[in-house]
Amino acid sequence: MSGDHSHNEDQIDCGSRVNDSHKHKDKYKEKEHKHKDHKKDKERDRSKHGNSDHKHKDKEREKDKMKHKDGSADKYKDKHKEKRKEEKIKLEDGKVKKENGFASPQHVKSEPEDDFYLPPKHEKSLKRERDDDVDYDIKPKKIKTQNDKKPKKRKLEEDTKSKKTKNKKGEVTEGKKKAKNEPEDKWKWWEEERYTDGVKWKFLEHKGPVFAPQYEPLPSHVKFYYDGKPMKLSPEAEEVATFFAKMLDHEYTTKDIFRKNFFKDWRKEMSTDEKAKITDLKKCNFTEMSEYFKAQSEARKAMSKEEKLKIKAENERILQEYGFCIMDNHKERIANFRIEPPGLFRGRGDHPKMGMLKRRIRPQDIIINCSKDSKYPEPPPGTKWKEVRHDNKVTWLVSWTENIQGSIKYIMLNPSSRIKGEKDWQKYETARRLKKCVDRIRNQYREDFKSKEMKIRQRAVALYFIDKLALRAGNEKEEGETADTVGCCSLRVEHINLHPENEGQEYVVEFDFLGKDSIRYYNKVPVEKRVFKNLQLFMENKEPDDDLFDRLNTSILNKHLQELMDGLTAKVFRTYNASITLQQQLKELTNADENVPAKILSYNRANRAVAILCNHQRAPPKTFEKSMQNLQTKIDAKRDQLSDARRELKSAKADAKIRKDEKSRKAVETKKKAVQRIEEQLMKLEVQATDREENKQIALGTSKLNYLDPRISVAWCKKNGIPVEKIYNKTQREKFAWAIDMADEDYEF
DNA sequence: GTATGTGACTCAGAAATTTGTAC
DNA sequence: CGTACAAATTTCTGAGTCACATA
């Protein structure tokens, strides 16, 4: 979870901001202030005219007709300019060093051929495509009994037969996979009617959250030292100290912001005496504590089988008790029924709050959501919930407010649940509706490149980026509260470079910014001339840290999109472009004559094209080089084996020619088979190596799980005779059960 | 009306854990 | 059989998107 990206060569190491130790003071006031100024400035700018184009020999005269910014920097930004400048320098440093940075290859955009205009019809209607008249009986009380038999089923889904064979015995050990599992008819919620009125459920019953285990004080021989001298800490202070100790090996315990935030919060937990004594984090020695935890984890690994099984069984029991809820007659799996334990906050990237104490959540922090007529979850003895409410317009079971950002956290259902699945399905249906009108929308925004109104031009260019490059919308963020990252609408001038000519291409825009999770987006793309000219215009008289699209935000953009198509938002473009790219790449890359591994390589490559489009990166696995080497060793061995086998085949053939008897002919056949088998194995290994190498820094999971209409993949499997297990593991098959059930091989996104 | 804040939900990669496999 | 290690899967929780409430 933590964002230690420093080991990723190709990502910018934003490093810690060394000199901003005072930054957080009064941030609230400051922030508010900033924002006001900002808005005012935008307002003011709007009323001004572009009379300040000095030096501009720009031929595009029409821009004179347009209002545009006078180049004064927004005040709120001025305040932060210094900081950003510093960062920028760092960024550039990084850039230089990391010239080999990840560059998203050209987006292979498939243009859907059909383009008929469909009036934005209301689609909130949760109409399902196939209507089975399965009645949706809502009889809350019944549910339980009805579901009593289900407990068993859910946990250990019958898996592929291959797995079963492993479990040959079929013993019913608790926490073990049961071998035989009555196929138990699974609930096909996708064949049922959906709620249409914002109601999410009629009945909801659950057992509440599982709290983090209580803190166990350290044994007395494990000491903390201050200024070289052992010091016994109060339990409160000690607990927080252990959080730090457990992270000692991690890089961010060396970062200034992390240390400063930690120390500040730690001191809050200290007794008066401790507070007086412990004044310098540098004098704190946690190593003995750290060693102790390492030893503990070693001990855990070395536990006997029985002990391990016992723990497993206990976890299973908790899962059975708390891991499921009953929603509308069905037992459903809960995603995160365990409350986040206390610890030190680790933001991603250069987060101003890293190191802060994430406090322990108690029952009185918890809001329970369930139906009135359900059996309410019990708070632990002697405690009370903050509130029990019955809001069936939301999907969460439990919520609490987290203390770092003040945001709300939720316990919700598993992706395999009806409530998540329906929404997921709907998402792809919206994307498919976009497919039907995307040409109209593209023509529209290309027209808008020429608009007289600056606002509309900016909107058009932003939309062009979102569509062409699958950028995220880019909401504004509160400065100082989070890492400095941007999306499309929040791009700043410093994030792009314009090259009228670059490497033989015209009108190239070079993007370099940190996006979600502080993942670097670096890309050079040729754009339409009009886009290029517009960008020049938008950047006129601006400072590097001014907004590129100063007249635009996500709200304006999404309002516009909503008018173009019902349910259309910026992120629908990402879904649409991801899915259509997969479909088109699969078509292009799959060769019907190839064998299964080769086809799967094609699938992975199609998946990879999408991951690259969406900029889904990962840090190369620590063991990457080594594992490639191992694989290469295997390949070499296999090659040797192959040439041996071939040699043997040859001699067998020669032998058979001379002897001409049945036996030697048989021997030839055997050898031939052997050669073939080895060839196949070698091929498989080579494919694997290719796949792995190409995947070094690319994360396929996110797109597979969140952007690719699963029906495309299912259809591809069916058409190519690939078992769906080859591309979706068990969890994924559960999540996409609806798609696996409904898509046939002719499915078209 | 607009700007801002809030809530609910999706999506994100790393870390932890489990499983598979070669010896 | 165990053992060691790598690969696969699951868990974790932070970071976005976006609608809507509120001032």
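Naming convention: chains lettered A, B, ... in sequence-line order (proteins, then strands); numbering from 1 in each chain.
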Output the rounded distance in Å from [atom1] ([X]) to [atom2] ([N]).
{"X": "A/Lys634", "N": "B/dC23", "atom1": "NZ", "atom2": "C1'", "result": "12 Å"}
{"X": "A/Glu476", "N": "B/dG5", "atom1": "CD", "atom2": "C1'", "result": "12 Å"}
{"X": "A/Lys301", "N": "B/dA16", "atom1": "NZ", "atom2": "C1'", "result": "11 Å"}
{"X": "A/Ile334", "N": "C/dT10", "atom1": "CD1", "atom2": "P", "result": "18 Å"}

What does [X] touch in the nucleic acid at a heavy-atom separation under 4.0 angstrom: a base, only the sugar-phosphate, or nothing?
{"X": "A/Gly515", "answer": "sugar-phosphate"}
{"X": "A/Ser555", "answer": "nothing"}
{"X": "A/Tyr410", "answer": "base"}
{"X": "A/Asn706", "answer": "sugar-phosphate"}
{"X": "A/Glu402", "answer": "nothing"}
{"X": "A/Lys308", "answer": "nothing"}
{"X": "A/Pro341", "answer": "sugar-phosphate"}
{"X": "A/Ser407", "answer": "nothing"}
{"X": "A/Gly487", "answer": "nothing"}

Between [options], spot the one nearest the side chain of [X], thanks.
{"X": "A/His351", "options": "C/dA15, B/dT10, B/dA22", "answer": "C/dA15"}
{"X": "A/Asn558", "options": "B/dT10, C/dT13, C/dA19", "answer": "C/dA19"}
{"X": "A/Asp517", "options": "C/dA15, C/dC18, B/dT10", "answer": "C/dA15"}
{"X": "A/Val394", "options": "B/dC9, C/dG2, B/dC11", "answer": "B/dC9"}
{"X": "A/Lys477", "options": "B/dT10, C/dG16, C/dA6", "answer": "C/dG16"}
{"X": "A/Thr702", "options": "B/dC11, B/dC9, B/dT10", "answer": "B/dC11"}
{"X": "A/Trp396", "options": "C/dT17, B/dC9, C/dT13", "answer": "B/dC9"}

Inset, instruction - List for me each residue that meets salt bridge (Lys or Arg N to Asp or Glu O under 4.0 Å) alongside A/Asp249, sequence neighbours excluded, and say none if there are none. - result: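 Salt bridge (Lys or Arg N to Asp or Glu O under 4.0 Å) list for A/Asp249, sorted by chain: A/Lys294.
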Inset, instruction - Using heavy atoms to find the nearest nucleotide of DNA chain C for A/Arg692 and A/Ala570 separately, return the residue whose nucleotide is more 5′. - result: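 Per heavy-atom nearest nucleotide, the more 5' residue is A/Arg692.
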Legend entry - Angle between terminal axes - the helix from B/dT2-C/dA23 to B/dC23-C/dG2, 5 pairs each end, rounded to 10°: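 It comes to 10° between the two terminal axes.
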Legend entry - Short N-O contact, A/Lys358 and A/Glu340, less than 4.0 angstrom: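 Salt bridge between A/Lys358 and A/Glu340, a charged N being under 4.0 Å from a carboxylate O: yes.
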Inset, instruction - Could I get the full list of ring-ring contact (aromatic ring centres under 6.0 Å, His included) partners for A/Tyr728, not counting sequence neighbours? - result: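 If we apply the ring-ring contact (aromatic ring centres under 6.0 Å, His included) test to A/Tyr728, skipping adjacent residues, the hits are A/Phe736.
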Legend entry - B/dG7 OP1/OP2 closer than 4.0 Å to side-chain N/O of A/Ser399: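 Checking A/Ser399 against B/dG7: no side-chain N or O falls below 4.0 Å of OP1 or OP2.
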Inset, instruction - Look at the side chain of A/Lys516 against the base of B/dC11 and say whether a donor-acceptor pair falls under 3.5 Å; ignore hydrogens and angles. - result: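 Pair found.
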